[in-house]
Amino acid sequence: MTTLHAEHARAVLRLLLLLTHGQRQTAEDLLQETMLRAWRHLDSVPAEPEAARRWLLTVARRLVIDGARLRRGRPTEVHLVDMTWIPAGDDTTGSALASYAMRHALGRLSPAQRSLLSEVYLVGRSPEEVAGRLGLPIGTVKSRTHYALRALRSGLNAA
C-alpha cells in the first residue's frame, strides 16, 4: 500500500484537482478516499504499475461523479445572511391589527375609565397610589379598574 501511494498519489491528485476545478481541499479528501478504497480492496488492485494507476484514476473519477450526483440530489445550501435589517417579529400585520383594535376599544371607554387604566397599567401606579392621587377609596379604584377592564375586553371582542 505504501508503494502504491508513493507511485500514484501525485497523478491521482492532479486528476482530482482538474476534476474539482482546483479545489485543493476537496481533491485531497477524494485522494484520501481513493487510497482508502484501494486499501480496502487491495486484492482487486492490479499488480502492474500502469494497470494500478488506471484502476486508481477510475476510482477517483467515479468518486467525483458520485459527489456531483449527491450535490444535485440535495437542496442547494443557503449561506447565512445578515438579517438584522429585517423588522422585529412584532412588526407584522397581526400586531398592526391588534393595535388598531386596542385603540378602537380604548376609544369606546369613558374618559374616567381610560384615565384609570392608564394610571394603573401604563404608568404603573398601584391602586393605593391612584386612590391617593384621585382622592377615592381604594375599593372604589379597584372596582372601577375591574369594570374598565371588562368594558375594554368587551370592546376588543366586538372589534
Please walk me through it: do S99 and R103 pass side chain to side chain donor-acceptor pair (under 3.5 Å)? CA-CA 6 Å; S99 175; R103 280 194 306 272; 2.8 Å; yes

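- Put simply, the side chain of Y121 reaches to within 4.5 Å of the side chain of T145, judged on heavy atoms.
- When side chains are defined from C-beta on, M35 counts as touching L56, because their heavy atoms get closer than 4.5 Å.
- Under the 4.5 Å side-chain criterion, counting only non-hydrogen atoms from C-beta, E33 is not in contact with V59.
- Put simply, CG on L19 and CZ on R14 are 13.0 Å apart, with the number rounded to the nearest 0.5 Å.
- Note: the hydrophobic cluster containing V12 also contains L36 (ILVMFWY, side chain heavy atoms under 4.5 Å, direct or indirect links).
- Side-chain atoms of T20 come within 3.5 Å of backbone N or O of L16 as a donor-acceptor pair.
- Annotation: the span from S115 atom OG to R144 atom CZ amounts to 10.5 Å, rounded to 0.5 Å.
- A11 and L57 get closest at one heavy-atom pair: O-CD2, 4.0 Å.
- The side-chain heavy atoms of E119 and L134, taken from C-beta on, include no pair separated by under 4.5 Å.
- In this structure, CG on L31 lies 9.5 Å from CG on L17, to the nearest 0.5 angstrom.
- L63 and W39 fall within a single hydrophobic cluster, where Ile, Leu, Val, Met, Phe, Trp and Tyr side chains are chained together by heavy-atom contacts under 4.5 Å.
- A donor-acceptor distance shorter than 3.5 angstrom exists from the side chain of S143 to the backbone of G139, with no hydrogens or angles considered.
- Looking at heavy atoms from C-beta onward, M1 lies in side-chain contact with L42 at the 4.5 angstrom threshold.
- Connection of M102 to L109 is established within a shared hydrophobic cluster, with ILVMFWY side chains joined at heavy-atom distances below 4.5 Å, either directly or through further cluster members.
- Heavy atoms only, all atoms of each residue included: G155 and A105 are closest at C-CB, 3.8 Å.
- Surrounding NE2 of H146 are more than 12 heavy atoms belonging to other residues, nucleotides or ligands, all under 6.0 Å away.
- Atom CH2 of W55 sits about 16.0 Å away from atom CD of E50, to the nearest 0.5 Å.
- Atom CD of residue Q32 and atom NE2 of residue H5 lie 8.5 Å apart, to the nearest 0.5 angstrom.
- The side-chain heavy atoms of L13 and L30, taken from C-beta on, include no pair separated by under 4.5 Å.
- L117 is not listed as a side-chain neighbour of L122, based on a closest heavy-atom distance of 4.5 Å or more.
- The CD atom of Q23 sits 12.0 Å away from atom CD of E28, with the distance rounded to the nearest 0.5 Å.
- At a cut-off of 3.5 Å, with distance as the only test, no side-chain donor of R114 or S110 sits close to an acceptor on the other residue.
- Salt-bridge annotation for E129 and R133: absent, with no side-chain N of the basic residue lying under 4.0 Å from a carboxylate O of the acidic one.
- Residue R53 is tested with E48, H8, E7 for a side chain to side chain donor-acceptor pair (under 3.5 Å); the sole match is H8.
- Scanning all heavy atoms of the two residues, the minimum distance from A52 to P46 falls at CB-O, 3.5 Å.
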